[in-house]
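Note on naming: letters A, B, ... go to the chains in the order of the sequence lines (proteins, then strands), and numbering restarts at 1 for each one.
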Protein chains: 2
Amino acid sequence: MADIADVARAAGVSTATVSRALSGRGIVAPRTKELVQRVADELGYVVSASASSLSSGRMRNVGIVTPFLSRWFFSEVIEGAQQVLTAHGYDTTLYNLAGEANQRKIIFDEFLLRGRVDAVIAIELALTPEEVRKIHSVDKPLIGVGGEIPGVRTISINETEVARIATQHLLDLGHRSIASLGGVEQFETDFHVASTRHLAFLEALAGAGIEPNPAWDLTADFTIPGGYAETAAMLAASDNRPTGIVASSDEMAIGAILAIKDAGLRVPDDISVIGIDGHDLAEFFNLTTVDQFVRHQGELAATILLDEIMPHRTSPAASNTDMPVKLVTRGSTARPRA
Amino acid sequence: MADIADVARAAGVSTATVSRALSGRGIVAPRTKELVQRVADELGYVVSASASSLSSGRMRNVGIVTPFLSRWFFSEVIEGAQQVLTAHGYDTTLYNLAGEANQRKIIFDEFLLRGRVDAVIAIELALTPEEVRKIHSVDKPLIGVGGEIPGVRTISINETEVARIATQHLLDLGHRSIASLGGVEQFETDFHVASTRHLAFLEALAGAGIEPNPAWDLTADFTIPGGYAETAAMLAASDNRPTGIVASSDEMAIGAILAIKDAGLRVPDDISVIGIDGHDLAEFFNLTTVDQFVRHQGELAATILLDEIMPHRTSPAASNTDMPVKLVTRGSTARPRA
DNA sequence: CTGAAAGCGCTAACAA
DNA sequence: TTGTTAGCGCTTTCAG
């Protein structure tokens, strides 16, 4: 592999000029720049990432730390962020916390601090103050997506609002018998998304003067099978069924729809179902949902981070960014039958 | 940040000894090693990735190149590979080829060759000879998952066999009116998975002396909506329907099941459906499928790669590894009604 | 088993 | 605008 000295020699300039010409940093005469670039191309020269990083301190690499990879929300955020990063010449290194618990410590200590990344995106991760401190101590920009972390800039939606919008949609349609298909907090590190949304659900009901029915207070694991099982159990348990269901995720909502159909009932005629997410499959299942533009959350996180890393540094960006959400009305919700 | 000299000083040894003690390479007296490790811990010392890489040539980083991130097969492979890599102290850098076409060239030239990775895993990517040459020219181990690449070691299943098993399962049950719900080749870079499977389907039919019905030759994009639409269209087009459907992916099979139900028919009573994949949702939809152990394919790819990178280098591993597949019988297939 | 010292290839002051 | 040069922090011969 040709190195910078080879290029310098072939172009008849110094290595410093080659560096400047190729990196775009510093001033180089246009014709010199052109010459260097041509020579570099001819020689098939590519800068050595490690040498460049060692001397400059820049890695051109952003770490994404996530508890899941194959779940919709997470892969969507990753894809959004990655696309922006790649477009700006940044690599994306993935740290998956799915494994053992102490892998988490290892990842923080050995990987992030080893200086492999310029910045970190944490997806739906309740970082401990200790972890936040560590990252900040090595002076790396950190941004969270999907849950607020004390002392850390975060991209997220207003969980209360999104649940309120969903519930209100059913109330506005005239429903008064409404079930909640909420999520369960699975980990100590969770963000209480589930409880926040449930609270908003209850408040919306209260605002309409409705007493919640405990038998209609379902919780599942955010997945289709989970939503199905809970809904099926509720329908099997009693003939007294709700006319509407507010699900905390689109996948659970889809599970609910399937359960309702399997029980010989119809959506929305017998039961209306609304989800939260804006999942790829929502349209297929004709699901009314509150879209939270997940991919865009990832894109924005990457954009903000790049802004902090790159020379320009234009927009300082607000400390916590509340993303907009939007009710998307489809065929799974309707007025309850008289 | 403490550097290696700080540790050496505090431990009263040379930097060379610190390096040896901490990296495990070279011989160090047990007590010296222990001492160094303790001192390093106390000082919170972590090796600088770039410095280490520059001087050693090792990156402790494997690149995964994939055309998709959020599709089941791909995220499954990535998760499997990543888990193994992380467990061995390797980072995983993701290169997503989803964007523009020329991003592909950039990724190869600027990223992989820039020496950021020690090895490359390519998921379902038909690399051009030129791309393979480039990677080999920089002497980086490369392994493909899910499609054979000339001159490259590959982990994959026998596409012919998997389709034959699926078709044969229906034949064995006594079906003689069988539809094919195959995939479409979406990209020039595809591996003809779709056509290979379709061929095997036809061969299996021929073996049973059955003439395929052109009206039952469906193709879709491997997704649930795609499978649904094709199946629904077929059922709507004529009363002459098959008693079984062989789908080239579980998601399409699920779409078919939903379409059959929506058409007022039952699975498997009216129509049997079998998929190929071993998708997470197969169990939920009670889908008979041919499991191809995708996650395991990712794990194996990573294992083989590490084997090439790491000092030990035990197993040379075969040049092309055909993964086993397994028929998983569930409730979506049964004997056709008399 | 340990230490000395020569780089690894590039960037960024500083000078010119 | 360009060149000179001193590192960046670690690994790895080579000696001892």
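With respect to Arg133(B) and Glu130(B), a salt bridge is recorded, a charged nitrogen being found less than 4.0 Å from a carboxylate O. Contact check on Glu42(A) versus Arg38(A) returns a salt bridge, with a Lys/Arg side-chain nitrogen under 4.0 Å from an Asp/Glu carboxylate oxygen.
Between the C1' atom of dG3(C) and the CZ atom of Arg20(B) lies a distance of 7 Å, rounded to the nearest Å. Separating the CZ atom of Arg116(B) from the P atom of dG9(C) is a distance of 17 Å, rounded to the nearest angstrom. Straight-line distance from the CG atom of Leu22(B) to the P atom of dT12(D): 14 Å, rounded to whole Å. Distance CD1 (Ile27(B)) to P (dT13(D)): 13 Å, rounded to an integer number of Å. Distance CZ (Arg31(B)) to C1' (dT2(C)): 15 Å, rounded to an integer number of Å. Summarising the geometry, the separation between CZ on Arg9(B) and P on dG9(D) is reported as 12 Å, rounded to the nearest angstrom. Taking atom CG of Leu54(A) as the reference point, atom P of dG7(C) lies 17 Å away to the nearest angstrom. Rounded to whole angstrom, the span from the CE atom of Met59(A) across to the C1' atom of dG9(D) amounts to 13 Å.
Of the residues near DNA chain C, Ala51(B) and Ser14(B), the one whose nearest nucleotide (by heavy atom distance) lies more toward the 5' end is Ser14(B). Positionally, the nearest nucleotide of DNA chain C for Val28(B) lies more toward the 5' end than for the other of Ser55(B) and Val28(B).
At the heavy-atom level, Ala16(B) lies under 4.0 Å from base atoms of the strands shown. Among the heavy atoms of the strands, none lies under 4.0 Å from Val18(B). In this structure, Thr32(B) reaches the sugar-phosphate backbone alone: every heavy-atom distance under 4.0 Å involves primed, P, OP1 or OP2 atoms, never a base. In this structure, Ser23(B) reaches neither bases nor backbone, as no heavy-atom distance under 4.0 Å exists between it and the strands shown.
Proximity of Ser19(A) to the phosphate of dT11(C): a side-chain N or O atom is located under 4.0 Å from OP1 or OP2. Distances shown here put every side-chain N or O of Ser48(A) at or beyond 4.0 Å from the OP1 or OP2 atom of dC10(C). Between dT12(D) and Arg58(B), a contact under 4.0 Å exists linking OP1 or OP2 to a side-chain N or O.
A donor atom on one side chain and an acceptor atom on the other are found under 3.5 Å apart for Thr93(A) and Asn61(A).
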Worksheet entry | Criterion salt bridge (Lys or Arg N to Asp or Glu O under 4.0 Å) on Asp118(B) and Lys140(B), from CA distance to verdict | CA-CA 6 Å; Asp118(B) 295 321; Lys140(B) 292 205 192 311; 5.9 Å; no
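With dC10(C), dC10(D), dT5(D) as the candidates, the nucleotide lying closest to the side chain of Ser52(A) is dC10(C).
To the nearest 0.5 angstrom, Ile27(A) atom CD1 is 12.5 Å from Thr32(A) atom OG1.
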